[in-house]
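Start at 1 with the first residue, then count along the sequence.
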Amino acid sequence: MRYLLLFIIFLSFETSAQVLKNFVEPAGKIKVFETKGDLDKDGVDEIVMAYNTGKQVDRLGYTRELYICKVINGSLKLWKKNTSVLWNSDDCGFCTDNGINLSIKIKNNTIIIEQTFWHNTRHTSIHENIYRYQNNDWFLIGSTYNDDYNCGYHHTYDINFSTKQVHVSYDNEDCEDSVQLYPASEKSFKYPFKSIPKMDGFTPGKTEIKIPNSKQFFYY
């Protein structure tokens, strides 16, 4: 019975591996980021890549695509393609002198993507989102939004979608001649998320959350 169970598990893995198509370098697209790490706890690193497409959207630059690939028997196999979680190549606001920020890391079997938007030379919005493969799909399991105004304030909004817990931290940045715009404070609350968001269809910074018992809100 034990050997039969192991054979079924092995056969299941082989079958799932066979349905993955070979990864082919996207024609006419330019790779802008690549990293690797173990995403499925099998001890073998997956490869994650970001590409600029040939589609340009006004002043926002080229649309971007995310590719997640497995390495099976020495060949690169396409595990997941996503077209929503990466901002366009120039969608960074007032960032001409600072360059476009895109960071992709693999940690604890998750993909962590960080992107920055410059409202002006002193004000930035940094979105860090964590994605994990579970229940046969890719989900957004965590989000951190840092709202920073140089010599003004530092606001942090953390979301754990598995527990529905939201933590908000308001703080002032202590600079010479700075004006204290907000009193330092923290609060935690549960938000009635209907479900854990899927990676497909999610774009950072587009979904609003209203903070209970206040007029304040933020976007994750």
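Residues Ile104 and Tyr62 are members of separate hydrophobic clusters, defined by side-chain heavy-atom contacts under 4.5 angstrom among Ile, Leu, Val, Met, Phe, Trp and Tyr. Put simply, Leu66 and Leu78 are part of two different groups of oily side chains (I, L, V, M, F, W, Y) that touch within less than 4.5 Å, one to the next. Residues Ile111 and Val32 share a single hydrophobic cluster, defined by chaining ILVMFWY side chains whose heavy atoms lie under 4.5 Å apart. In the hydrophobic clustering of ILVMFWY residues, with side-chain heavy atoms under 4.5 Å counting as a link, Leu20 and Val48 come out together. Ile106 and Ile72 fall within a single hydrophobic cluster, where Ile, Leu, Val, Met, Phe, Trp and Tyr are joined by side-chain heavy atoms under 4.5 Å apart, directly or via other members.
For the pair Thr35 (side chain) and Lys105 (backbone), a donor-acceptor distance under 3.5 Å is absent. Using a distance-only test at 3.5 Å, with no hydrogens or angles considered, no donor-acceptor pair links the side chain of Lys70 to the main chain of Lys77. Proximity of a side-chain donor or acceptor of Asn82 to a complementary backbone N or O of Ser84 within less than 3.5 Å is detected. Between the side chain of Asp38 and the backbone N or O of Gly43 there is at least one donor-acceptor pair closer than 3.5 Å. A donor-acceptor distance shorter than 3.5 angstrom exists from the side chain of Asp42 to the backbone of Val44, with no hydrogens or angles considered. Between the side chain of Asp91 and the backbone N or O of Gly93, no donor-acceptor pair lies under 3.5 Å.
Atom CD of Glu46 is separated from atom CD1 of Ile68 by 9.0 Å, given to the nearest 0.5 angstrom. Interatomic distance, NZ of Lys80 versus CG of Leu39, reported as 13.0 Å (0.5 Å rounding). Distance check: Met199 CE to Thr83 OG1 gives 11.0 Å after rounding to the nearest 0.5 Å. Atom OG1 of Thr124 sits about 8.0 Å away from atom CG of Asn146, to the nearest 0.5 Å. Here CZ of Phe218 is found 11.0 Å from OG1 of Thr156. Values are rounded to the nearest 0.5 Å. Here the straight-line distance linking atom NE2 of His119 with atom CG of Asp147 works out to 6.0 Å at 0.5 Å rounding.
Listed by chain and number, the residues in a side chain to side chain contact (heavy atoms under 4.5 Å, CB included) with Tyr133 are Trp79, Asn136, Trp138 (sequence neighbours excluded). Under the rule for a side chain to side chain contact (heavy atoms under 4.5 Å, CB included), the partners of Gln115 that lie at least two apart in sequence or sit in another chain are Leu86, Trp87, Leu102, Ile113, Pro204.
Taking the six-membered ring where tryptophan is involved, the planes of Phe202 and Tyr220 are essentially parallel, since the angle between them stays under 30° and well short of 60°. Under the 30°/60° scheme for interplanar angles, the aromatic rings of Tyr153 and Tyr149 are found to lie parallel.
For the pair Asn88 and Arg64, the minimum side-chain heavy-atom distance is 4.5 Å or more. In this structure, Val71 and Leu76 have side chains that are in contact, with non-hydrogen atoms separated by less than 4.5 Å. Side-chain contact check for Ile209 versus Phe193: some heavy-atom pair is nearer than 4.5 Å. Contact of the Arg132 side chain with the Ser162 side chain is registered, since non-hydrogen atoms from C-beta on lie closer than 4.5 Å.
Applying the ring pair (Phe, Tyr, Trp, His ring centres under 6.0 Å) test between Tyr145 and each of Tyr219, Tyr157, Phe217 identifies Tyr157 as the sole match.
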| field | Step-by-step salt bridge (charged side-chain N to carboxylate O under 4.0 Å, His left out) determination, Asp148 to Arg122 | value | CA-CA 8 Å; Asp148 286 290; Arg122 296 176 60 187; over 6 Å; no
| query | When you look at Asn120 and Trp118, which way does the side-chain contact (heavy atoms from CB on, under 4.5 Å) test go after all the steps? | reply | CA-CA 5 Å; Asn120 55 50; Trp118 291 80; over 6 Å; no
| said: Run Asp158 and Val166 through side-chain contact (heavy atoms from CB on, under 4.5 Å) and show every step you take. | reply: CA-CA 6 Å; Asp158 280 306; Val166 180; over 6 Å; no
| query | When you look at Asp90 and Arg59, which way does the salt bridge (charged side-chain N to carboxylate O under 4.0 Å, His left out) test go after all the steps? | reply | CA-CA 7 Å; Asp90 294 337; Arg59 292 177 297 175; over 6 Å; no
| task | Start with the C-alpha distance between Ser143 and His127, add both sets of side-chain angles, then the distance that settles side-chain contact (heavy atoms from CB on, under 4.5 Å), and finish with yes or no. | result | CA-CA 7 Å; Ser143 175; His127 291 265; 5.6 Å; no
| Stepwise, does the side-chain contact (heavy atoms from CB on, under 4.5 Å) test hold for His155 with Ser169? | CA-CA 6 Å; His155 297 173; Ser169 174; over 6 Å; no
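Remark: the Lys29 side chain and the Asn52 side chain contain no N/O donor-acceptor pair separated by less than 3.5 Å. A donor-acceptor pair shorter than 3.5 Å can be found between the side chains of Glu25 and Tyr51. With 3.5 Å as the limit, one finds no donor-acceptor pair spanning the side chains of Glu34 and Tyr67. A side-chain donor-acceptor contact under 3.5 Å links Glu186 and His167. With 3.5 Å as the limit, one finds no donor-acceptor pair spanning the side chains of Tyr131 and Thr110.
The two residues Phe139 and Asn135 have their closest heavy-atom pair at CE1-CB, 4.4 Å.
Shown here is Lys187, whose NZ atom has more than 12 heavy atoms of other residues, nucleotides or ligands within 6.0 Å. More than 12 heavy-atom neighbours from other residues, nucleotides or ligands sit within 6.0 angstrom of CG on Leu60.
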